[in-house]
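Written below as structure tokens is the structure these notes are about.
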Amino acid sequence: MTSEIVIIGGGVIGLAIAVELKLRGTNVTVLCRDFQAAATHAAAGMLAPDAENITNGAMLSLCLRSRALYPDWTRKLEELTSLNTGYRPCGILAPVFEEERGMGHGALGIGKNHPIPPLSHSPTPSSSPAYWLNKEAIHQYQPGLGDEVVGGWWYPEDAQVDNKALAHVLRTAAESLGVELKDGITVEGFLQQQGQVVGVQTNAGIIRAAHYVLASGAWSNELLPLPVLPRKGQMLSVRIPEFTTELDLKRILFGQNIYIVPRRDRLIIGATSEDVGFTPNNTPEGIQKLLQAAIRLYPQLKHYPIQEFWWGFRPATPDELPILGTSHCQNLTFATGHYRNGILLTPVTAVLIADLILEQKPDSLPTDFHYSRFQSQPSTSTPMLTNSANFSNGNRPAISTLPIQDSPLIIAGKTFQSRLMTGTGKYRSIEEMQQSVAASDCQIVTVAVRRVQTKAPGHEGLAEALDWTKIWMLPNTAGCQTAEEAIRVARLGREMAKLLGQEDNNFVKLEVIPDLKYLLPDPIGTLQAAEQLVKEGFAVLPYINADPMLAKRLEEVGCATVMPLASPIGSGQGLKTTANIQIIIENAKVPVVVDAGIGSPSEAAQAMELGADALLINSAIALSANPAAMARAMNLAAVAGRLAYLAGRMPIKNYASPSSPLTGTITN
């Protein structure tokens with residue numbers, strides 16, 4: 001199918017953008033994987049830029065603008081659908097305990113503090129009014145608060161909306177306007193050509209459009225290497241008894257580590273903020289923390305019957321600001337990473353994204369929200385930049401000056417002078433990795449996409465640690481146990497390379513390894529994944545057992561190289577598969593890269609002497625006592641082994657052959 005604009009993500013952000021675009025006369029399709037799993041359902045609907053005490057100027061301005069849009073925006077939606085959004089300009093009360101004076105208030109997550117200034121001043125840096133209520137005033141203003149509450153702030157301009165009702169209204173509005181809503185659609189990857197998205201691969205086939213909007217919240221990181229990760233929020237509700245008392249809660253309470261939002265017949269209590277990935281379900285610990293904090297703030301609710309528990313996943317970025325605006329592709333726009341303020345920012349996001357797409361107004365979005373803020377430039381003081389020239393020249397003669405001709409290494413049409421590839425894992429520090437890459441003189445460095453994505457130890461800041469204008473990234477699918485996983489991670493790796501400026505990089509080192517003890521690759525899964533990735537335009541470099549028949553099959557399906565193991569990954573056992581590697585080299589019409597198990601420079605030289613086109617070495621360098629020195633040694637071994645192969649080894653004889661001539665010797 002083809003649509004004018006495709007929006008990936010069916011939560012309130014995606015639906016609001018769809019409605020805004022449709023009202024401006026465009027054809028819109030929304031792809032939704034699971035409407036019930038959206039972050040919308042992990043919210044309480046507070047519109048609280050003042051109570052949140054937001055300190056970032058651009059973010060505060062965005063939130064205030066969105067809050068100001070809410071009255072007219074919700075009224076239009078209600079007129080369109082004849083449904084109620086539950087919008088109420090009710091104000092928010094932020095009680096303070098004695099120990100919080102000068103410590104913080106207004107936390108939406110467990111352990112999250114916002115500093116408050118002296119109580120004689122408004123804690124908000126905005127122009128919104130805020131009023132301090134002393135102990136007597138706050139208990140009179142809202143009876144039933146806990147005895148430990150010593151005062152609090154009243155933010156009259158903050159508001160609330162029923163988040164679930166809003167989601168239903170937006171979906172109904174989209175349907176009534178003619179937006180095409182496609183449920184149960186999982187987007188698996190972007191198809192790109194020359195800086196443009198030409199389609200999205202989904203579980204229902206390829207879907208094409210003129211423009212695409214990524215609004216998939218916490219799941220955005222599964223499609224592109226954006227620093228958007230799920231932050232789980234647990235919540236619950238208690239039912240308000242039918243009898244009413246003067247102690248009934250009339251105000252939203254926004255406290256330290258807790259909030260309580262009164263609705264018509266219930267109280268919403270939330271929310272935890274847990275960095276546990278997509279781990280589902282409520283937990284006793286999470287619910288206990290919420291109940292303890294809520295009862296301390298408003299003791300009466302301990303008598304209310306529990307109505308419901310639920311959880312959801314908020315999309316969090318490292319700086320807790322959203323990612324909005326243009327992307328590395330001309331026809332792809334980002335609207336993700338809203339974290340705690342997704343409901344609040346929905347109307348302004350819809351307007352800004354529609355302005356950007358239809359009216360080409362990039363200046364309407366501050367650079368604070370552009371994805372490029374997470375891509376710092378590499379330091380010019382790194383060894384990668386200062387030492388690589390020295391290692392390139394050294395004291396050894398360049399290959400071209402030697403009395404022997406060699407062709408460069410060519411993989412998928414790209415030319416490389418170095419025949420040594422290195423990795424980035426297992427180093428004791430980023431600095432050791434930088435020094436080793438420089439010392440190795442390599443031009444290809446393989447990067448584990450999943451470890452960068454999850455910020456595994458040793459992989460933090462990896463994108464900034466190397467100069468990717470000089471090093472060709474080889475994303476790898478390490479950690480994938482099935483063909484399906486490897487295909488998805490390969491797509492992520494291609495996007496990661498593009499985000500780092502390698503627009504034409506479609507390389508992937510394919511690893512499918514279900515065996516966690518010996519780390520031996522799955523030949524069937526590798527072949528299945530390779531077939532699909534080749535169809536998608538990848539240059540596939542598959543890591544395999546030294547199986548000549550599998551190597552032949554992989555070459556036939558279009559792989560750019562084959563990469564047989566010398567011995568198990570990280571074992572340092574050296575060349576244990578020499579005979580099979582020789583057969584692979586003899587028959588291959590694509591480069592053969594010996595990968596895994598090489599432990600010493602002598603073994604590296606031996607692999608090159610067999611006729612291998614290149615080596616990939618990581619553990620032997622990273623785990624040595626002096627990684628930079630070992631990297632240099634591996635570089636020299638690869639060069640020596642290649643020269644020896646080109647020069648041609650002397651024949652092996654069964655008898656001695658003296659080095660010195662026997663004729664013409666001096667005799668007595």
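Just the heavy atoms: all of them, side chains too, but no hydrogens, waters or symmetry mates, feed the values below. Because the structure is predicted, anything quoted here is derived from the model rather than measured.
- Residues Val6 and Ile8 meet the side-chain proximity criterion, which asks for heavy atoms closer than 4.5 Å.
- Nearest heavy-atom pair, Ala48 versus Ile92, reported as atom, atom and distance to 0.1 Å: CB-CD1, 3.5 Å.
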* To do: List the steps and the verdict of side chain to side chain contact (heavy atoms under 4.5 Å, CB included) for Ile260 and Ile252.
  => CA-CA 6 Å; Ile260 306 173; Ile252 293 176; over 6 Å; no
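- Taking the side chain as every heavy atom from C-beta outward, Arg231 and Phe313 never approach each other to under 4.5 Å.
- From Arg373, atom CZ reaches atom OG1 of Thr367 across 9.5 Å, with rounding to the nearest 0.5 Å.
- In this structure the side chain of Phe278 reaches within 4.5 angstrom of the side chain of Trp219, judged on heavy atoms.
- No more than 12 heavy atoms of other residues, nucleotides or ligands sit less than 6.0 Å from atom CZ of Arg239.
- Side-chain contact check for Thr283 and Glu285: no donor-acceptor pair (N or O, by modelled atom type) lies under 3.5 Å.
- For Tyr141 and Trp154, the ring centers are positioned less than 6.0 Å apart.
- Arg171 has a carboxylate O that lies under 4.0 Å from a charged side-chain N of Asp183, or vice versa, which qualifies the two as a salt bridge.
- Within a 6.0 Å radius of CD in Glu359, more than 12 heavy atoms belonging to other residues, nucleotides or ligands are found.
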* Walk me through it: do Arg33 and Glu222 pass the test salt bridge (Lys or Arg N to Asp or Glu O under 4.0 Å)? => CA-CA 13 Å; Arg33 180 197 338 220; Glu222 294 188 352; 3.6 Å; yes
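- Between Thr326 and Thr333, every side-chain heavy-atom pair lies at or beyond the 4.5 Å cut-off.
- Geometrically, Arg296 engages Phe97 in a cation-pi contact defined by less than 6.0 Å to the ring centre and at most 45° from the axis.
- We find that Arg24 and Glu20 are joined by a salt bridge, their nearest charged nitrogen and carboxylate oxygen being less than 4.0 Å apart.
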* To do: Show your working on side chain to side chain contact (heavy atoms under 4.5 Å, CB included) between Glu180 and Val28 and close with a plain yes or no.
  => CA-CA 6 Å; Glu180 185 174 7; Val28 187; over 6 Å; no
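- From Cys90, atom SG reaches atom CE of Met46 across 10.0 Å, with rounding to the nearest 0.5 Å.
- A side-chain donor-acceptor contact under 3.5 Å links Asn331 to the backbone of Val197.
- Taking both residues in full, the closest heavy atoms of Met235 and Ile268 are given as CE-CG2, 3.4 Å, listed atom of the first, atom of the second, then distance.
- Judged purely by atom type and a 3.5 angstrom limit, Arg314 has no side-chain atom pairing as donor or acceptor with the backbone of Ala218.
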* Would Val200 and Leu31 count as a side chain to side chain contact (heavy atoms under 4.5 Å, CB included) if you check the C-alpha gap in whole Å, the side-chain angles of each, and the deciding distance to 0.1 Å? -> CA-CA 10 Å; Val200 286; Leu31 309 180; 4.2 Å; yes
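- Annotation: the span from Tyr371 atom OH to Phe334 atom CZ amounts to 6.5 Å, rounded to 0.5 Å.
- No donor-acceptor pair closer than 3.5 Å links the side chain of Thr336 to the backbone N or O of Ser220.
- Ion pairing of Glu52 with Arg340 is present here, as a side-chain N (NZ or NE/NH1/NH2) and a carboxylate O approach within less than 4.0 Å.
- Not one N or O on the side chain of Gln201 forms a donor-acceptor pair closer than 3.5 Å with the backbone of Val187.
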* To do: Could you give me the CA-CA distance, side-chain angles and deciding distance for Phe190 and Leu224, then say whether side chain to side chain contact (heavy atoms under 4.5 Å, CB included) is met?
  => CA-CA 9 Å; Phe190 288 98; Leu224 292 171; 3.8 Å; yes
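- In this structure, Tyr304 and Pro241 have side chains that are in contact, with non-hydrogen atoms separated by less than 4.5 Å.
- Judged purely by distance below 3.5 Å, without hydrogens or angles, the side chains of Ser237 and Gln307 pair a donor atom with an acceptor atom.
- Only one option out of Leu344, Leu324, Asn341 pairs with Thr349 in a side chain to side chain contact (heavy atoms under 4.5 Å, CB included); it is Leu324.
- Nearest heavy atom pair, residue Pro299 against residue Gly146, reads CD-N, 3.5 Å.
- Under a 4.0 Å N-O distance rule, the pair Arg491/Glu495 does not qualify as a salt bridge.
- Ring orientation note: the planes of Trp73 and Tyr70 are nearly perpendicular, at an angle over 60° on the 30°/60° scale.
- Here the closest non-hydrogen pair linking Ser128 and Leu64 is OG-CD2, 3.8 Å.
- Using a distance-only test at 3.5 Å, with no hydrogens or angles considered, a donor-acceptor pair links the side chain of Thr202 to the main chain of Ala204.
- The closest donor-acceptor contact from the side chain of Glu78 to the backbone of Thr85 lies under 3.5 Å.
- For the residue pair Gln330 and His211, the shortest heavy atom distance occurs at O-CE1, 4.0 Å.
- In this structure the side chain of Val150 never reaches within 4.5 angstrom of the side chain of Glu148, judged on heavy atoms.
- For the pair Leu77/Leu166, a side-chain contact is recorded, criterion being any heavy-atom separation below 4.5 Å from C-beta on.
- At least one donor-acceptor pair closer than 3.5 Å links the side chain of Thr81 to the backbone N or O of Leu83.
- Contact of the Met59 side chain with the Phe369 side chain is registered, since non-hydrogen atoms from C-beta on lie closer than 4.5 Å.
- At distances below 3.5 Å, at least one donor-acceptor pair connects side-chain atoms of Ser66 with backbone N or O atoms of Val348.
- Distance alone, capped at 3.5 Å, places no donor-acceptor pair between the His338 side chain and the Ile343 backbone.
- Tyr212 contributes a side-chain N or O that, together with a main-chain N or O of Gly199, makes up a donor-acceptor pair within less than 3.5 Å.
- With a 6.0 Å cutoff to the six-membered ring centre and a 45° limit on the axis angle, Lys232 does not count as a cation-pi contact of Trp310.
- Expressed to the nearest 0.5 Å, how far NZ of Lys22 lies from CG of Leu15 amounts to 14.0 Å.
- Atom CD1 of residue Ile287 and atom CD of residue Gln292 lie 12.0 Å apart, to the nearest 0.5 angstrom.
- With rounding to the nearest 0.5 angstrom, the CG atom of Leu170 is 11.0 Å from the CD1 atom of Ile17.
- More than 12 non-hydrogen atoms from other residues, nucleotides or ligands lie less than 6.0 angstrom from CD of Glu79.
- A salt bridge does not link Arg88 to Asp158: none of the charged side-chain nitrogens sits closer than 4.0 Å to a carboxylate oxygen.
- The shortest heavy-atom contact between Leu249 and Pro262 is O-CB, 3.8 Å.
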